[in-house]
Amino acid sequence: MSDIDLHHLSAAYALDALDQHERAAFEAHYESCEVCRADVLAFRDTMTHVASSLAAPPPPSLKDRVLADIAVTRQLSPALARAVPTDELARRRRARSLGIVLAAAAAMVAVVVGVVAFTGRNDDTYAADLAHLMDQPDVQMLSLENQADAPGSFKVMWSPALGQAALVGENLTPAPGDKAYELWLITPDQSMAMYVLDPADDGHVHRMLDAPADPSAWAITMEPREGAAVATGEIMFVAEVPATA
Amino acid sequence: MGVLRSMRARHADEMIEGDDVAGHLLLRAGRGDQSAFAGLFDELSPMVHGVVLKVVRDPAQAEEVTQEVFVELWRLAARFDGTKGSARSWAATLAHRRAIDRVRSEQASRDRQTRDASHAVRDHDVVVAEVETSIDQARVRRALAQLSDIQREAVELAYFGGHTYREVAVLLGVAEGTVKSRIRDGMIRLRDELGGEA
Ligand SMILES: [Zn+2]
């Protein structure tokens, strides 16, 4: 399976034994993967025992220097719980992003840039491809907003320069029998690229994709497993690419 | 055996108690309490400095990195999330990460000193710390002894040596995939021996 490589990096990650690219790729994965997150926490606890066994007090003068430092060091505010778009700005931004996607969805019949089924491809090289993608200077990452009353999350990373994208779906409800998740890449001129993903039988979708055009939004719908040139399902997940990105 | 087991059990209790102290102090530090942070330093600095020294080896650099780690702990204190592990575990993770960062950025320009880190520091706290540490050390030594040679070497080269698993593969002359799975197998075994339920 495509995610096995990444799952297997949790021990090396907890030992800080990944290079910076793999570290970035793993970090993009593990926060949303229950298995890896539990592994990392457990392995870190394990290594805390090892760290404790190495105890060697620093010279007493160090404490004075640290206390002098912190007296003039500003603390960061607590991280707020997952951002909820309660303010007007966020509400408007969300409305706008939905508007764009829905307008684009209406035009979907017009231009379909690509219809590509990716099921069963890329499994061997997924981790390396993802690491390569995360290494690109222009790589962008977006979490798609869950519009469905269903569990799960999608995150998309892409590099316009490389023309590739990675899609990571976690904790999804498997698609019913003849259906599959489909990803829509929406461009400013409202042409579309469409990717048939897979039914997420194990709750996960990890795919490398070609991204032939610069996206203005990404969306996920549920479609017939053989693929649909026109979106027939509700938009389940959506994210607009910020104009500055 | 019975003595050994009760010693381990007692020690495990002490670790948990120590964790609570650190977690409590960290929470207070997160609200700007500098004297709580001083207490946290007393609680965690032997471990933080110990792991940094083990990886970095040079005592002067180890002090610098330890200082950086504690200033970062202070900056981030309000963001500590007890559901993602204990305060001690958070500090150990940060200490190792910063030590690794130092080693990797220094690697190209400067050779690391190879003198034995464990004799680098001596002061009045050392004796107390050594008694506690020797119990930890015995447990960790025993746990490491349960690993196969290649598992142990791979884990030690990564954690103590600061090498990536690819570098470990070169050092051990085995395939990268082999090292990856040996590290994983070794860590699972260590976890079973030492504990590590999140
Ligand atoms: Zn995973």
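Every chain is numbered from 1 and lettered A, B, ... according to where its sequence line falls, protein lines coming before strand lines. Basis for what follows: all heavy atoms, side chains included, without hydrogens, waters or symmetry-related copies. Since this is a predicted model, take the numbers as computed values, not measurements.
Rounding to the nearest 0.5 Å gives a distance of 9.5 Å between CD1 of Ile70(A) and CG of Leu40(B). Note: Leu190(B) CG to Phe43(A) CZ = 9.5 Å, rounded to the nearest 0.5 Å. The CZ atom of Arg139(B) lies 5.5 Å from the NE2 atom of His49(A); values are rounded to the nearest 0.5 Å. For the atom pair CD (Glu22(A)) and CZ (Arg166(B)), the distance works out to 4.0 Å, reported to the nearest 0.5 Å. Of the inter-residue distances, the one linking Glu72(B) atom CD with Leu76(A) atom CG reads 9.5 Å to the nearest 0.5 angstrom.
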Test side chain to side chain contact (heavy atoms under 4.5 Å, CB included) on Val50(A) and Tyr159(B); report intermediate values, then the result. CA-CA 10 Å; Val50(A) 176; Tyr159(B) 192 76; 4.2 Å; yes
What verdict does the side chain to side chain contact (heavy atoms under 4.5 Å, CB included) test give for Leu62(A) and Phe70(B), after you've listed the backbone C-alpha separation in whole Å, the side-chain angles of each residue and the deciding distance to 0.1 Å?
CA-CA 10 Å; Leu62(A) 186 68; Phe70(B) 274 98; 5.8 Å; no
* For Met187(B) and Met47(A), run side chain to side chain contact (heavy atoms under 4.5 Å, CB included): C-alpha distance rounded to whole Å, both residues' side-chain angles, the deciding distance at 0.1 Å, then the answer. => CA-CA 9 Å; Met187(B) 286 295 287; Met47(A) 294 320 285; 3.6 Å; yes
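His96(B) and Leu15(A) make their closest contact through CE1-O, 3.2 Å (heavy atoms, listed as atom of the first residue, atom of the second, distance). Between Ser89(B) and Thr48(A) the shortest heavy-atom distance is CA-OG1, 3.3 Å. Scanning both residues, His49(B) and Pro59(A), for their nearest heavy atoms gives NE2-CD, 4.5 Å. The two atoms that bring Ala51(A) and Ala92(B) nearest to each other are CB-CB, 4.0 Å, heavy atoms only. Minimum heavy-atom separation, Leu54(A) to Phe160(B): CD1-CE2, 4.0 Å.
Tyr165(B) is linked by a ring pair (Phe, Tyr, Trp, His ring centres under 6.0 Å) to nothing, counting only residues two or more places apart in sequence or in another chain. Among residues two or more places apart in sequence or in another chain, the ring pair (Phe, Tyr, Trp, His ring centres under 6.0 Å) test is passed with Phe80(B) by Trp90(B).
Contacts with chain A (heavy atom to heavy atom, under 4.5 Å) involve these residues of residues 172-185 of chain B, listed by number: Lys180(B), Ile183(B), Arg184(B). Interface with chain A: from residues 147-154 of chain B, no residue qualifies, criterion being any non-hydrogen pair under 4.5 Å.
The closest donor-acceptor contact from the side chain of Trp74(B) to the backbone of Thr73(A) lies under 3.5 Å. Gln75(A) places a side-chain N or O within 3.5 Å of a backbone atom of Ala29(B) that can act as its donor or acceptor partner.
Between Leu67(A) and Gln34(B), every side-chain heavy-atom pair lies at or beyond the 4.5 Å cut-off. Side-chain contact between Lys84(B) and Arg37(A) is absent, with no heavy atoms from C-beta onward closer than 4.5 Å.
Side-chain atoms of Arg88(B) and Ser52(A) form a donor-acceptor pair, as typed in the model, at a separation below 3.5 Å.
Proximity to chain B is absent for every atom of Gln20(A), based on heavy atoms less than 4.5 angstrom apart. Using a 4.5 Å cut-off between heavy atoms, Leu157(B) does not touch chain A at all. With a threshold of 4.5 angstrom between heavy atoms, Ile100(B) approaches chain A through side-chain atoms but not through N, CA, C or O. When heavy atoms are compared at a cutoff of 4.5 Å, Val51(B) approaches chain A by way of both its backbone and its side chain.
Applying salt bridge (charged side-chain N to carboxylate O under 4.0 Å, His left out) to Asp16(A) and the options Arg104(B), Arg97(B), Arg98(B) leaves one that passes, Arg97(B).
Ranked by non-hydrogen atom pairs under 4.5 Å with chain A, the options Ala91(B), Gly186(B), Ala38(B), Ala143(B) are led by Ala38(B). The choice from Val71(B), Val155(B), Thr93(B), Thr66(B) that makes the most heavy-atom pairs within less than 4.5 Å of chain A is Thr93(B).
Electrostatic pairing of Asp42(B) and Lys63(A) counts as a salt bridge here, judged by a charged N lying under 4.0 Å from a carboxylate O.
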